[in-house]
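First the structure, in the form of structure tokens, and then the observations on it.
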Amino acid sequence: MTSAIYLAAALAEIAGCFAFWAWMKLGRSAWWIAPGTVSLALFAFLLTRVDSDAAGRAYAAYGGVYILSSLLWLWLVEHRAPDRWDMIGATMCIVGAGVILLAPRSAL
């Protein structure tokens, strides 16, 4: 379930940020801001649904998912293939996110 939430959050965040990018950098209508803002609010809501004992840990683990999802966006939406350095970096980040999220924790 956590994976699905992270993926949905990544899509919402990237889409929301891209709406602002489209308006500011691609000359799209300012109307792009409205769905972008809703998408960013959805992103924030979704991260609260992650099963984690601390917000910072949930956000840190999400970072790796965000990086990989951003590269997928680059490829699928912007039609630019990630290079090997992108993929090496994303792999390192996903491994790190897995360590943060899945490591055994001792009770305090």
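We number each residue from 1, following the sequence as shown. This structure is a prediction, so every number in the text was calculated from the model and none was measured.
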With the 4.5 Å side-chain cut-off for hydrophobic clustering, are [X] and [Y] part of the same group?
{"X": "Y62", "Y": "L102", "value": "yes"}
{"X": "L11", "Y": "V77", "value": "yes"}
{"X": "W85", "Y": "W75", "value": "no"}

Just how far is it from atom [atom1] of [X] to atom [atom2] of [Y], taken to the nearest 0.5 Å?
{"X": "I94", "Y": "M87", "atom1": "CD1", "atom2": "CE", "value": "9.5 Å"}
{"X": "T91", "Y": "R84", "atom1": "OG1", "atom2": "CZ", "value": "13.5 Å"}
{"X": "L72", "Y": "E78", "atom1": "CG", "atom2": "CD", "value": "12.0 Å"}

Is there side-chain contact between [X] and [Y], with at least one heavy-atom pair below 4.5 Å?
{"X": "E13", "Y": "Y66", "answer": "yes"}
{"X": "S70", "Y": "I14", "answer": "yes"}
{"X": "L74", "Y": "L71", "answer": "yes"}
{"X": "S69", "Y": "L7", "answer": "yes"}

Can you name the nearest heavy-atom pair linking A61 to A97, along with the distance?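 Shortest heavy-atom separation between A61 and A97 comes out as O-CB, 3.1 Å.
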Please name the pair of heavy atoms, one in A60 and one in I100, separated by the smallest distance, quoted to 0.1 Å. CB-CD1, 4.0 Å
Got a sec, which pairs hit side-chain hydrogen bond (donor to acceptor under 3.5 Å, both in side chains) with one end in residues 14-39, sequence neighbours left out?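 Found none.
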Connected-component partners of V95 among ILVMFWY, side-chain separation under 4.5 Å: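 Other cluster members: none.
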Checking Y6 side chain against G64 main chain: does a donor-acceptor pair fall under 3.5 Å? no
Enumerate, atom names and distances included, each donor-acceptor pair closer than 3.5 Å involving a side-chain atom of residues 40-55, sequence neighbours excluded.
unit_1, atom_1, unit_2, atom_2, d
T48, OG1, F45, O, 2.5
S52, OG, A54, N, 3.4
S52, OG, A54, O, 3.0
D53, OD1, R57, NH1, 2.8
D53, OD2, R57, NH1, 3.2

Could you walk me through whether F18 and L26 satisfy the side chain to side chain contact (heavy atoms under 4.5 Å, CB included) test, starting with their C-alpha distance in whole Å, then the side-chain angles of each, then the deciding distance to 0.1 Å, before giving a yes or no? CA-CA 10 Å; F18 186 76; L26 301 178; 4.0 Å; yes
